[in-house]
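A quick write-up on the structure given underneath.
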Number of protein chains: 2
Amino acid sequence: MITQIKLHDCKSELREADLRATPTRLGVLQILETATTPLDVTTILSELRKKGIDPDKATIFRMMHSFLQKGLVREINLSESKNRYEYRGKGFHHHLICQVCGVIEDMDDCNIDIWEKELRKKKGFIVKRHSLEFFGLCKNCQN
Amino acid sequence: MITQIKLHDCKSELREADLRATPTRLGVLQILETATTPLDVTTILSELRKKGIDPDKATIFRMMHSFLQKGLVREINLSESKNRYEYRGKGFHHHLICQVCGVIEDMDDCNIDIWEKELRKKKGFIVKRHSLEFFGLCKNCQN
DNA sequence: TGACATATGCAATTAAATTGCATATACTAA
DNA sequence: TTAGTATATGCAATTTAATTGCATATGTCA
């Protein structure tokens, strides 16, 4: 059963991160792992309800903090009034956000590393992380 | 008098943007033009009070909308819970944000244009704007 | 100077995120 | 399997950024 393996994976993933494997956390992890775009807390909540889990939003906000701290998720900021979260296991990538329909595409290749070395040399600044997002028009919205 | 010339510049800048040159707007423009980092609305308000101007925050939020629409400022998002605004006349650049002391440095050179052409070819995505920010440790905070 | 579109003040409201505290539950060790 | 304990959750209140409606004030142009 794929689902069982999946659940087991999530469980050990949480345990390895020193986090208790509660049903809500397992549900959130599963949702984030299968999501095709970064999700905000409200969306995570409504996805959870579809699974029959209905926690308080404070729980999810606190969960995102601990997930973030343990490195399970990344916080994504797309110039909205809210944060989004993305499963970190997917690997690092940037986003293409359509300003018309709002669709979010991934962009895998990123060679900013070169810049980071330059910044260290030129400015003495040590880069720990960076964010790069492109806003514009997706294929369908160009008319 | 440099100040007079400056004020005159701000005034015509606003008029050219089809915006009325009110004292509050002139003050905000002057503050943004002399600022060394992008400012949030709360900071703009307290800077205004130092000048003896004390408007409502709603006014500044609305002002940022019109300034943004007219292209006088850029909206900067540094993964905070609030927006910052930067005078657009300074030209486009990215930021280095120290995760320890919070200092924000500018980074002038940006050759993302090359990427934009690639994105158009590979993904059919037309880039209208992008945001690139580096988070890490400034020279003083590396110990 | 007067008319009028625009800008502002004020107050109420929305939405994201945080916090304190009591209760519930997952994990560990016996 | 169970009891003890640290951790997670629920609930309610609160904070902060941002928005909105509406009445009033003000900049601009004729």
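Please read these numbers as outputs of a predicted model, since none were measured by experiment. No hydrogens, no waters, no symmetry mates; every other heavy atom, side chains included, goes into these values.
Within the model, atoms CG of A/L19 and CZ of A/F67 stand 6.5 Å from one another, a figure rounded to the nearest 0.5 Å. Expressed to the nearest 0.5 Å, how far OG1 of B/T34 lies from OH of B/Y87 amounts to 11.0 Å. To the nearest 0.5 Å, the span separating CD1 on A/I104 from SG on A/C138 amounts to 11.5 Å.
A search for ring-ring contact (aromatic ring centres under 6.0 Å, His included) contacts involving B/F92 returns B/H94, B/H130, not counting sequence neighbours. Looking at residues two or more places apart in sequence or on another chain, you find no side-chain hydrogen bond (donor to acceptor under 3.5 Å, both in side chains) involving A/R20. With sequence neighbours left out, A/K82 forms a side-chain hydrogen bond (donor to acceptor under 3.5 Å, both in side chains) with A/D40. For A/R84, the side-chain hydrogen bond (donor to acceptor under 3.5 Å, both in side chains) test picks out A/E80, with sequence neighbours left out. Partners of B/N77 according to the side-chain hydrogen bond (donor to acceptor under 3.5 Å, both in side chains) rule, which considers only residues two or more places apart in sequence or in another chain, are B/N83.
Within the structure, every pair that satisfies the side-chain hydrogen bond (donor to acceptor under 3.5 Å, both in side chains) test and touches residues 133-143 of chain A, not counting sequence neighbours, is listed here: A/H95-A/E133. Residue pairs meeting the salt bridge (Lys or Arg N to Asp or Glu O under 4.0 Å) criterion with at least one partner in residues 41-53 of chain A, sequence neighbours excluded, are A/E47-A/K50, A/R49-A/D54. Counting only residues at least two apart or in different chains, side-chain hydrogen bond (donor to acceptor under 3.5 Å, both in side chains) contacts with residues 102-114 of chain A comprise A/H93-A/D106.
Summarising the geometry, the separation between CD1 on A/I44 and P on C/dA15 is reported as 18 Å, rounded to the nearest angstrom. Between the P atom of C/dA7 and the CD1 atom of B/I53 lies a distance of 17 Å, rounded to the nearest Å.
Panel note: side chain B/R25, backbone B/K11; no donor-acceptor pair is recorded below 3.5 Å.
With axes fitted over five pairs at each extremity, the angle between the ends of the helix from C/dT1-D/dA30 to C/dA30-D/dT1 is 40° (10° resolution).
The side-chain contact (heavy atoms from CB on, under 4.5 Å) with B/Y85 is formed by just one residue from the set B/I31, B/V28, B/V41; it is B/V41.
On the nucleic acid side, DNA chain D has its first and last nucleotide under 4.0 Å of a heavy atom of chain B at D/dA17 to D/dC29, going 5' to 3'.
Sorted by residue number, the members of residues 62-85 of chain B with any non-hydrogen atom under 4.0 Å from DNA chain C read B/R62, B/M63.
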The contact string for nucleotides 25-30 of chain C, one letter per nucleotide 5' to 3', using protein heavy atoms under 4.0 Å with B, S and - for base, sugar-phosphate only and none, comes out as -BSS--
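Remark on DNA chain D: of its neighbouring residues A/K57 and B/A58, the 5'-side contact belongs to A/K57, judged by nearest-heavy-atom nucleotide.
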